[in-house]
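Structure first, commentary second.
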Amino acid sequence: MRPGLHAVVTGGGSGIGAAIAAALVTEGVSVTLMGRHLPRLQAQAQRLGEVAVQVCDVGDEAGVQAAFAALAPVDLLINNAGQVETAPLAKTSLAVWQRMLNVNLTGTFLCSRAVIPGMRERGFGRIVNVASTAGLQGYAYVAAYCAAKHGVVGLTRALALELARSGVTVNAVCPGYTETEIVTSAVANIQAKTGRTADEARAELAKANPQGRLITPEEVAATVLWLTRRASGGINGQAIAVCGGETA
């Protein structure tokens, strides 16, 4: 058990973020769920028990500063908030490009910047960035998302070196296709464009994993939980793929 520690999980209202929050709660960590949609956060908090919520658009600088200023000191930051939109690059608008960078990359930068001074002062902290296998390799039709997630991995590595002697570690977890709303949307998109059934579309996504299946949010959460422990202090600047061997 790890009472006395406070974790913030961005995008904590559903999917991977909700699974991470649940895993942290089981270890006695005080958790704040952060996201844009209050009803979703409140619903998740009710399922988990004594969990705080904080509404925040992680891509908005002033909003991030105000949100973290209202919180207790943060020992564990899980940058999980993310979004994906699909389109060929030639049909990707500048607005979509900027939105993907803002939510996936700038949000990670802003939230990390908000907690680093306090972590450094206390001599302990864990920052875990939920990236994607799209941060390690390319995928067609999601160039903006891939660019943003590659940026998250680069930011992770740079920040890990900056903080290496401070007691703060920074790592990334890179899930493959995972049972989340993003995959649900991908399945619907495949159905609409190809006429395949939902099962056929899901099977197509599962092919990317050599194990022939989708990853579960709980598997990603287990990896994040390990990285946040004091005993994992020697793990720093890593991008750990949770994908059944897809990136091997």
Side-chain angles (χ1 to χ4, degrees), residues 7-12 16-17 20 24 34 58-59 61 64 68 74-84 97-139 142-178 182 208 215 219-248:
V8 169
V9 182
T10 71
I16 291 172
I20 292 169
L24 289 166
M34 186 174 286
V58 298
E61 182 176 21
V64 168
F68 280 91
V74 178
D75 305 292
L76 315 174
L77 171 65
I78 316 301
N79 284 309
N80 169 74
Q83 185 180 356
V84 62
W97 175 266
Q98 291 177 330
R99 187 157 58 244
M100 291 300 94
L101 292 179
N102 198 47
V103 173
N104 295 294
L105 178 55
T106 302
T108 299
F109 155 68
L110 290 174
C111 292
S112 298
R113 192 180 64 175
V115 302
I116 285 170
M119 288 182 175
R120 267 186 154 158
E121 183 178 340
R122 294 186 299 277
F124 173 79
R126 298 286 183 263
I127 297 174
V128 182
N129 301 322
V130 180
S132 166
T133 49
L136 302 174
Q137 63 186 39
Y139 291 96
V142 285
Y145 179 76
C146 281
K149 290 300 188 180
H150 271 72
V152 170
V153 171
L155 174 62
T156 298
R157 290 169 173 161
L159 189 52
L161 294 177
E162 285 188 26
L163 299 175
R165 295 177 180 268
S166 68
V168 181
T169 64
V170 187
N171 291 286
V173 172
C174 301
Y177 286 113
T178 304
I182 288 178
I215 298 297
E219 289 177 294
V220 182
T223 305
V224 172
L225 197 64
W226 167 61
L227 289 171
T228 63
R229 293 178 176 142
R230 290 184 183 273
S232 300
I235 313 301
N236 192 35
Q238 302 305 303
I240 300 173
V242 184
C243 62
E246 179 187 353
T247 60

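These numbers were taken from a predicted model, which means no experiment stands behind them.
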task = Kindly determine whether L110 and R113 satisfy side-chain contact (heavy atoms from CB on, under 4.5 Å), including the steps that lead there.
result = CA-CA 5 Å; L110 290 174; R113 192 180 64 175; 3.6 Å; yes

ask   = Should L225 and I20 count as side-chain neighbours, where that means a heavy-atom distance under 4.5 Å?
value = no

remark   = Nearest heavy-atom approach of T247 to A241 is OG1-CB, 3.5 Å

task = Determine the minimum heavy-atom distance between V173 and P175, stating which atoms define it.
result = O-CD, 3.3 Å

ask   = What residue pairs, at least two apart or across chains, pass side chain to side chain donor-acceptor pair (under 3.5 Å) with a residue in residues 142-163?
value = N129-T156

query = Taking side chain as C-beta onward, heavy atoms only, is I215 less than 4.5 Å from V220?
reply = yes

ask   = Just wondering, do N79 and I127 contact through their side chains at under 4.5 Å, heavy atoms?
value = yes

ask   = What is the distance from atom CD of Q83 to atom CD1 of I182, rounded to the nearest 0.5 Å?
value = 8.0 Å

inquiry  = What's the separation between atom CD1 in I78 and atom OG1 in T228, rounded to the nearest 0.5 Å?
reply    = 6.0 Å

request  = With side-chain contact (heavy atoms from CB on, under 4.5 Å) as the test, would you mind laying out the steps for V224 and I16 before giving the verdict?
outcome  = CA-CA 10 Å; V224 172; I16 291 172; 5.9 Å; no

message = With a 6.0 Å cut-off (strictly less than), is the heavy-atom count around CD of Q137, excluding the residue itself, greater than 12?
response = yes

query = Would R126 and L227 count as a side-chain contact (heavy atoms from CB on, under 4.5 Å) if you check the C-alpha gap in whole Å, the side-chain angles of each, and the deciding distance to 0.1 Å?
reply = CA-CA 8 Å; R126 298 286 183 263; L227 289 171; over 6 Å; no

query = Does a side-chain heavy-atom distance below 4.5 Å link C174 with V153?
reply = yes

key: Sub-4.5 Å side-chain heavy-atom contact between T10 and V130   = no

ask   = Is there a side-chain contact between R122 and D75, using heavy atoms and a 4.5 Å cut-off?
value = yes

request  = Could you grab the distance from atom CD of E121 to atom OG of S166, nearest 0.5 Å is fine?
outcome  = 12.5 Å

note = Sorted by chain and number, sequence neighbours left out, side chain to side chain contact (heavy atoms under 4.5 Å, CB included) with Q238 holds for N171, I235, I240

ask   = Of all heavy-atom pairs between N104 and T108, which one has the smallest distance, and what is that distance?
value = O-OG1, 3.0 Å

query = How many angstroms lie between CG in N102 and CD in E61, if you round to the nearest 0.5 Å?
reply = 11.0 Å

Distance in Å, T133 OG1 paired with Y177 OH, rounded so as to fall on 0.5 Å steps = 7.0 Å

key: Smallest separation among heavy atoms of M119 and L76, with atom names   = CE-N, 4.1 Å

request  = Drop me the distance from F124's CZ to R230's CZ, to the nearest 0.5 angstrom.
outcome  = 4.5 Å

remark   = Nearest heavy-atom contact between G151 and L105 is C-CD1, 3.5 Å

key: N236 (side chain) donor-acceptor with T169 (main chain) under 3.5 angstrom   = no

query = Run the side-chain contact (heavy atoms from CB on, under 4.5 Å) check on L136 and E246 step by step: do they pass?
reply = CA-CA 10 Å; L136 302 174; E246 179 187 353; over 6 Å; no

